[in-house]
Amino acid sequence: MSRVVVFGAGGRAGRAAVAEARRRGHQVTAVVRDPGAHGSLPTDGVRLVVGDATDLDSVAKVAAGHDAAISAVYDASARPDAFYPGVARALLDGLAAAEVGRLLVVGLAAALTTAQGVALMDSPGYPQEYRGFALAHAAGVQVLRAAPAGVDWLVVSPAGDFDHGGGRTGRYRATTADLASRISYPDLAVALIDEIDAPVHHRTQVGVETA
């Protein structure tokens, strides 16, 4: 049994990660900005706390005593190009201060490479109205890539997009980026918790889809 802290636990990916971690018997700390807005989060084995993934000290405080962290954060009111790199820096420094060695980040497929060898956001058909948001996510990943060895991070992304209504099959595979690829939130959570229980990928980004 591990102790897992989930930042952004109130969103769809965060909730799925909390549920999958509890399914496997892990102790979970669910970090949100407004606990009153997330009364439907599981309570059995879950501790709900206030935290800020953009603040090093807050990250260090809520992450202390845990074995691994998951980040599924989103802030509609923030500038994405400042938010995601800022979160990456705060998580790296805060988790290092708290001596938490493993970080899983929920990412986007946009910067993943397709079978044709180009980033998904540069491939035909990618919706360019989302390009700024995609570049902001990619900038956060670059902060992780540039960091010295320390926290063992991994970005786990849908290989294409989420199957928003899909349930848990428990089956997924790693694959190259593909606009047609889909994975449900529960199956993405399976991939995240697998990388806590038995880490395979390290300091990289991997795309997954429901198998």
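All figures in this text were calculated on a predicted structure; none of them were measured in a lab.
Side-chain atoms of T176 never come within 3.5 Å of backbone atoms of T114 as a donor-acceptor pair (strictly under, hydrogens ignored). The closest donor-acceptor contact from the side chain of R3 to the backbone of G65 lies under 3.5 Å. Counting only distance, with no hydrogens or angles, the side chain of S2 and the backbone of V4 share no donor-acceptor pair below 3.5 Å. Checked by atom type and distance alone, the side chain of Q205 never pairs as donor or acceptor with a backbone atom of A109 at under 3.5 Å. A donor-acceptor pair is defined here as one N or O able to donate and one able to accept, closer than 3.5 Å; no such pair exists between the side chain of R171 and the backbone of R168. Under the 3.5 Å distance criterion, the side-chain polar atoms of E99 are left unmatched by any main-chain donor or acceptor of A64. Looking only at distances, a side-chain donor or acceptor of D187 sits under 3.5 Å from a matching main-chain atom of G170.
If you chain together hydrophobic residues whose side chains sit under 4.5 Å apart, L92 and V73 fall into the same group. Hydrophobic clustering of Ile, Leu, Val, Met, Phe, Trp and Tyr side chains at less than 4.5 Å, counting indirect connections, unites V141 with F7. Both V46 and L192 are part of a single hydrophobic cluster, where members link through side-chain heavy atoms under 4.5 Å apart. Taken together through direct or relayed side-chain contacts under 4.5 Å among Ile, Leu, Val, Met, Phe, Trp and Tyr, V190 and V206 form part of one hydrophobic cluster. Under a hydrophobic-cluster definition in which Ile, Leu, Val, Met, Phe, Trp and Tyr are linked whenever side-chain heavy atoms come within less than 4.5 Å, directly or via other members, V18 and L91 are assigned to different clusters.
Pairing each heavy atom of V100 with each of A63, the nearest pair is CG2-O, 3.3 Å. When all heavy atoms of R203 and V151 are compared, the pair lying nearest together is NH1-O, 3.6 Å. Residues P80 and P85 come closest through the heavy atom pair O-CD, 3.8 Å. Counting all heavy atoms, side chain and backbone alike, Y126 lies closest to A110 at OH-CB, 3.4 Å. Scanning both residues, A177 and L120, for their nearest heavy atoms gives CB-CB, 3.9 Å. G207 and L112 make their closest contact through CA-CD1, 3.6 Å (heavy atoms, listed as atom of the first residue, atom of the second, distance).
Heavy atoms from other residues, nucleotides or ligands lying under 6.0 Å from CZ of R131 number more than 12.
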* Worked check of ring-ring contact (aromatic ring centres under 6.0 Å, His included) between F83 and F133 -> CA-CA 10 Å; F83 179 72; F133 187 71; 9.1 Å; no
* Apply the test side chain to side chain contact (heavy atoms under 4.5 Å, CB included) to residues L135 and D81: give CA-CA distance (whole Å), side-chain angles for both, the deciding distance (0.1 Å), then the verdict. => CA-CA 7 Å; L135 289 170; D81 59 342; over 6 Å; no
* Go through V31 and V49 one step at a time and tell me if the side chain to side chain contact (heavy atoms under 4.5 Å, CB included) criterion holds. => CA-CA 5 Å; V31 185; V49 303; 3.8 Å; yes
* Walk me through it: do H26 and I193 pass the test side chain to side chain contact (heavy atoms under 4.5 Å, CB included)? => CA-CA 10 Å; H26 298 315; I193 305 304; 3.9 Å; yes
* Check against side chain to side chain contact (heavy atoms under 4.5 Å, CB included), L144 and V105 -> CA-CA 10 Å; L144 297 173; V105 177; 4.2 Å; yes
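Put simply, OG1 on T204 and CG on L154 are 7.0 Å apart, with the number rounded to the nearest 0.5 Å. Note that CD of E209 and OG1 of T175 are 4.5 Å apart. Values are rounded to the nearest 0.5 Å. For the atom pair I70 CD1 and R102 CZ, the distance stands at 10.5 Å (nearest 0.5 Å).
In summary, of the residues considered (V156, V208, L188), a side-chain contact (heavy atoms from CB on, under 4.5 Å) with Y172 occurs for V208 alone.
Ring geometry for H164 versus Y185: interplanar angle of 30 to 60°, hence tilted.
Using a 4.0 Å cut-off between a side-chain N of Lys or Arg and a carboxylate O of Asp or Glu, D194 and R24 qualify as a salt bridge.
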